[in-house]
Number of protein chains: 2
Amino acid sequence: MNDSKMIDVARQAKVSVATVSRVLNGSSAVSDKTKKRVLSAIKEMNYAPNASAKNLRSLKTMTLGVVVSDILVSYYAEIIKGIENTANGLNYNILICDAQNRKEKEREYMSLLLNRTVDGMILVTPLLGNEEIRDFADMGCAIGIVGRYIDHPNVPCIYTDNVKASREVVHHLIEEGHERIAFLSGYADAVDSYERLEGYLKALRDARLPFIPELIENGNFNEIGGNEAFRRLMAKDIGFTAVFAANDEMALGVYEACKALSIEIPARMAVVGVDNNRISKYVTPRLSTVDQPKYTMGALLAEKLIDQLNDNAFADKRTFKVDSKLLIRDSSRNRK
Amino acid sequence: MNDSKMIDVARQAKVSVATVSRVLNGSSAVSDKTKKRVLSAIKEMNYAPNASAKNLRSLKTMTLGVVVSDILVSYYAEIIKGIENTANGLNYNILICDAQNRKEKEREYMSLLLNRTVDGMILVTPLLGNEEIRDFADMGCAIGIVGRYIDHPNVPCIYTDNVKASREVVHHLIEEGHERIAFLSGYADAVDSYERLEGYLKALRDARLPFIPELIENGNFNEIGGNEAFRRLMAKDIGFTAVFAANDEMALGVYEACKALSIEIPARMAVVGVDNNRISKYVTPRLSTVDQPKYTMGALLAEKLIDQLNDNAFADKRTFKVDSKLLIRDSSRNRK
DNA sequence: ATGTATGATTTAAGCGCTTCCATGAAGTGA
DNA sequence: TCACTTCATGGAAGCGCTTAAATCATACAT
């Protein structure tokens, strides 16, 4: 590691540190001659500016924290790619915090903001409650959210209409002839679970189908949870021909359970998930699901948050609703 | 955001900033009475230390950079989980850098080290050449590598025996009766490609089978590459009954190609991959592959690197070879 | 009462930058 | 030539913290 600092470069180029700094930041005029001398001194000494000193002085860190509930879920990983690319393009680094599906961990990570370890934070998680997030924002923390809607003047967010998407899924299932459709929800306190359930209920009402509370089970948004929830459903012996899982991970669990129980998909059981997890198109039968423009969502949010960091105000709008798209594949089609 | 600083806390508690600092860091004795007063002042003022100032003063950042070639690949994501958990446990943050499979991006990210944005860096990529990495290490940069072997006194690394694993795969295929086995390699300049090819060759020699250069194709470690490479192989019309893909992503590409070309796996074509990508057990037929203790590898390396950061020397050993394990599933078995 | 050892606390010097302000040099018009 | 503007550069303060060294307070032995 090279340990030369600005003063060394300055001496070498026979200028003051102020001038070196100016050359580095292009903040104000430096004559071409001097600039050239400084630049070559920098190269010669292999100088690299010390980020901590810069941060301290400028009261910024040029990094964004990204709190994600589970990096292994490709849905999140793609959002993060969008965030990272955009942030890098705007000279920001990102600190990824994998909360491992635990709320306390997410809170813990958010304290990085209070330490000024990061200039702002992007939340990619269904776990934290709206109230908590608003509290942080009220304290003046720069926060942005992707994947859910929050109404707060300082919080940019980008989300899809979960209710609508969910309604579409259930409509599709009803059109395929299903009347008793089970719903696998995620964590009880996650916004997504709630909204997807709402869409499910609306679709039933639209079709004048009865709501049967026994057909609802919670699968905690993960594969094992989905598997177990489906088995509980079967154990009730109430009869149903389709399952709508609030995400693909749980749908995968349903697949496993069906394989174990020798229930054929889609012939005896139609399955639809949400998220268009990368795995969903590799399973057999290919899983019907709802796709979201994940990368774009991440990218857009990063841009907005950084905008806000720089002017302390939103150029235009603050909340963005993007369209999701039902992908009808083999797991819910051609039921004979 | 709270803007109180140490001096405010000090005034409130009627002590000097040095005392506040000592309370915060527990570095030397402070009387219980004073400590209590300081602590309550901190709470009262909602004080949080400024990380940049701390970093500047202590010449550390308590963050590790992690350069990964593609975060979407679950193999890498799991390694990263191991790194992150361990690092967090030791009070380090991690800056994840997704190089999007591009060498230049990786180099670019490594310059973070020179800026002292991070205290050390963990490389999770097959792309960068050994030479380049050694050069960095020679400059005194703290670097660690997971997933490949590098011989440098300052570089901890943890890896699996690619040659052995690869040899095992091919032995297995030969035992299943295959004699003409194609090999799909990754980037020509990746260490993994080279080592896996070596294992392939050794296994052929062990079994006194001829090496047929036409059976080798490069698939760049990704799905599309695997798909295309397999099609090129088929187009040559030289006859082979098994494919060993140097990673699961490429094996997935082979699956797609086989589906398109109506080639049944494993009946007409046995397929084996490497990595035990999460997807591999969901595809039909389930993909035979080689598993590595990914999480543990990441965790162990993070621990070693941080050790090194703190004592500037390795407590015990520096390189770790862990065992990988051939998982024989459906894609290479029961050929009739 | 005096000296000394021990422990608690403060003082003050930076860590390596950025940026405001002052200074100097060069150019312009009268 | 002189007064004034403009542009390039340097001086120096200070971002918020840590830590070595100095100081102060207390207790104890003599």
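Chain A is the first sequence line, chain B the second, and so forth, proteins listed ahead of strands; every chain is numbered from 1.
The distance from the CG atom of B:Asp138 to the NE2 atom of B:His152 is 3.5 Å, given to the nearest 0.5 Å. Rounding to the nearest 0.5 Å gives a distance of 12.0 Å between CD1 of B:Ile79 and CG of B:Leu300. In this structure, CD1 in A:Ile83 is found 12.5 Å from CD in A:Glu78, a value given to the nearest 0.5 Å.
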For nucleotides 18-23 of chain C, 5' to 3', base contacts (B), sugar-phosphate-only contacts (S) and non-contacts (-) with protein non-hydrogen atoms under 4.0 Å give BB----
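What separates NZ of A:Lys35 from P of D:dA8 is a distance of 10 Å, to the nearest Å. For the pair B:Arg11 CZ and C:dT9 P, the computed distance is 19 Å after rounding to whole Å. Between B:Ile7 atom CD1 and D:dC15 atom C1' the separation is 13 Å, expressed in whole Å. A straight line from CG of A:Leu56 to P of D:dG14 spans 14 Å, rounded to a whole angstrom. Remark: P of C:dC17 and CD1 of A:Ile42 are 10 Å apart, rounded to the nearest angstrom. A:Met45 places its CE atom 13 Å from the P atom of C:dG16, with the value rounded to the nearest Å. In this entry the distance linking CG of A:Asp8 with C1' of C:dC17 reads 13 Å, nearest Å. Between the CG atom of A:Asn50 and the P atom of D:dC15 there is a distance of 18 Å, given to the nearest Å.
Where B:Ser16 and B:Leu59 meet DNA chain C, the nucleotide closest to each residue was compared, and B:Ser16 sits on the side nearer the 5' end. Comparing A:Pro49 and B:Lys33 by the nucleotide of DNA chain C that holds the closest heavy atom to each, the one mapping nearer the 5' end is B:Lys33.
Under the 3.5 Å distance criterion, with hydrogens and angles disregarded, a donor-acceptor pair is assigned to the side chains of B:Asp119 and B:Thr61. Using a 3.5 Å distance cut-off with no hydrogens or angles, the side chains of B:Gln12 and B:Tyr47 do not pair a donor with an acceptor.
Between A:Thr34 and D:dT9 there is a side-chain polar atom (N or O) within less than 4.0 angstrom of OP1 or OP2. One finds a side-chain N or O of B:Tyr47 lying less than 4.0 angstrom from the OP1 or OP2 phosphate oxygen of D:dC17.
A:Arg148 contributes a side-chain N or O that, together with a main-chain N or O of A:Thr125, makes up a donor-acceptor pair within less than 3.5 Å.
The residue A:Ser52 sits apart from the nucleic acid: no heavy atom pair falls under 4.0 Å.
Other residues, nucleotides and ligands place more than 12 heavy atoms under 6.0 Å from the NZ atom of A:Lys103.
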